[in-house]
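Positions are given from 1 along the sequence. Predicted, not measured: the structure shown is a model, and the values here were computed from it.
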Amino acid sequence: MALDESQKVLGVLADHAQALGLQGLIYMRLGEPVLAQKSFLLAEKAAPLDADIAHNHAVFLCEQGRYKDSFERFDSAMNRPLYSEKAKTMWVWGVCSHKSGDIQSAQQLWTQSLTVKATAETALALALSLKQQNQDIRAAEVLKNFNGSEAASAETLLLGVQWARQSADSETSKRYTSILRQRFPNSTQWGALQREAFDD
């Protein structure tokens, strides 16, 4: 068990930052917020410049509804020059901002995340959020740019078909349908499109 392994390490090295950080994650998943917070604080004390620890602590704090503290940790992770997962941190920070009610900041973070590394989950979050804010043109543009890349997914392509049909854009609908069929013939989304069952 991961908790046992981390405790073994801490039995030898009480201030082992990675073991403390792992312990914090495990306690978070076990629904033990007090123990999780204690582990994360000790991990940060042992390795104050560790971006992964700051990111994971931020996720925990967001789940606890402590948004200000969470954002400070996300910002700390982003300010580590050698940190290679900045796109991931911006994506999750955006999710947390959206959860806190700061829609504009969430959209800005997702836009930045897409420029670093385009992922389907980020493109979908940004496009859907813009759509909910009645910014249909921007939402469609986000989806268009993403679906025109190699990162396009079955889910983003299906959403592109739906939106194109809603706006009576048959050319775009046909193009996305063709890409979906060619690249993801065994996907749930292609099956749903064939059945016209978009809610599957």
Side-chain angles (χ1 to χ4, degrees), residues 21 24-25 27-29 31 33 36-37 40-41 43-44 48-164 166-167 169 172 176 188-189 198-199:
L25 280 174
Y27 281 134
M28 179 176 74
R29 291 165 185 162
Q37 173 71 345
F40 282 128
L41 288 174
E44 286 181 336
L49 300 181
D50 190 303
D52 290 310
I53 290 172
H55 171 95
N56 291 333
H57 192 186
V59 172
F60 164 74
L61 290 167
C62 180
E63 288 188 359
Q64 297 299 306
R66 296 173 55 186
Y67 300 118
K68 182 176 182 294
D69 292 335
S70 174
F71 298 161
E72 288 176 358
R73 263 67 176 200
F74 281 129
D75 187 59
S76 176
M78 290 295 298
N79 284 323
R80 303 279 72 82
L82 299 180
Y83 184 44
S84 63
E85 297 291 340
K86 291 186 177 183
K88 178 186 74 173
T89 292
M90 285 187 283
W91 146 247
V92 182
W93 190 354
V95 171
C96 190
S97 292
H98 208 276
K99 182 181 176 183
S100 76
D102 190 348
I103 310 301
Q104 184 175 359
S105 290
Q107 292 175 353
Q108 290 173 348
L109 285 160
W110 289 332
T111 299
Q112 292 171 24
S113 180
L114 285 171
T115 65
V116 177
K117 183 179 180 181
T119 65
E121 60 187 2
T122 308
L124 284 168
L126 178 57
L128 291 169
S129 178
L130 289 167
K131 189 82 166 179
Q132 289 167 0
Q133 297 295 308
N134 297 315
Q135 298 184 52
D136 291 7
I137 295 175
R138 284 189 63 199
E141 190 67 22
V142 167
L143 208 58
K144 177 183 176 182
N145 290 337
F146 186 77
N147 280 336
S149 73
E150 289 299 315
S153 71
E155 192 172 1
T156 60
L157 288 164
L158 179 60
L159 184 61
V161 172
Q162 291 177 265
W163 286 4
Q166 289 170 7
S167 59
D169 184 350
T172 298
Y176 289 159
T188 301
Q189 288 76 16
F198 292 136
D199 294 329

*Applying the side-chain contact (heavy atoms from CB on, under 4.5 Å) test to L128, which of L143, V142, L159 qualifies?*
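That would be L159.
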*Mind running side-chain contact (heavy atoms from CB on, under 4.5 Å) on L158 and Y176 for me, showing each step along the way?*
CA-CA 7 Å; L158 179 60; Y176 289 159; over 6 Å; no
What's the shortest heavy-atom distance between [X] and [Y], and which atoms?
| X | Y | answer |
| --- | --- | --- |
| M90 | L109 | O-CB, 3.6 Å |
| P33 | G31 | CD-O, 3.2 Å |
| E44 | A54 | OE2-CA, 4.3 Å |
| C62 | S70 | CB-OG, 3.5 Å |
| Y83 | D52 | CE1-OD1, 3.5 Å |
| A151 | F146 | O-CZ, 3.1 Å |

Determine whether a donor-acceptor pair (N or O, by modelled atom type, separation under 3.5 Å) exists between the side chain of [X] and the backbone of [Y].
| X | Y | result |
| --- | --- | --- |
| K117 | A87 | no |
| T172 | D169 | no |
| D75 | F71 | no |
| N147 | T156 | yes |

Atom pair [atom1] ([X]) and [atom2] ([Y]), whose distance is rounded to the nearest 0.5 Å:
| X | Y | atom1 | atom2 | value |
| --- | --- | --- | --- | --- |
| R66 | E72 | CZ | CD | 10.0 Å |
| Q107 | T111 | CD | OG1 | 7.0 Å |
| Q166 | D136 | CD | CG | 8.5 Å |
| M78 | K86 | CE | NZ | 5.5 Å |
| F60 | D69 | CZ | CG | 10.5 Å |

*Determine, using ring centers only, whether H55 and W93 are less than 6.0 Å apart.*
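Not under 6.0 Å, so no.
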For a 4.5 angstrom cut-off between non-hydrogen side-chain atoms, does [X] reach [Y]?
| X | Y | answer |
| --- | --- | --- |
| N145 | E141 | yes |
| Q37 | L61 | yes |
| H98 | W110 | yes |
| K144 | W163 | no |
| R80 | E85 | no |
| Q133 | L130 | no |
| W91 | E121 | yes |

*If you draw a 6.0 Å radius around CD in Q104, do more than 12 non-hydrogen atoms from other residues or ligands fall strictly inside?*
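Check fails, neighbour count at 12 or below.
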*asked:* Counting only heavy atoms not in E155 (residues, nucleotides, ligands), do more than 12 fall under 6.0 Å from its CD?
replied: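 For E155, atom CD is not crowded (no more than 12 foreign heavy atoms under 6.0 Å).
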*Donor-acceptor pair between S97 and Y67 side chains, under 3.5 angstrom*: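 Judged by distance alone, the side chains do not pair up.
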*Step by step, work out the side-chain hydrogen bond (donor to acceptor under 3.5 Å, both in side chains) result for T119 and T122.*
CA-CA 5 Å; T119 65; T122 308; 2.8 Å; yes
*Apply the test side-chain contact (heavy atoms from CB on, under 4.5 Å) to residues L41 and H57: give CA-CA distance (whole Å), side-chain angles for both, the deciding distance (0.1 Å), then the verdict.*
CA-CA 8 Å; L41 288 174; H57 192 186; 3.9 Å; yes
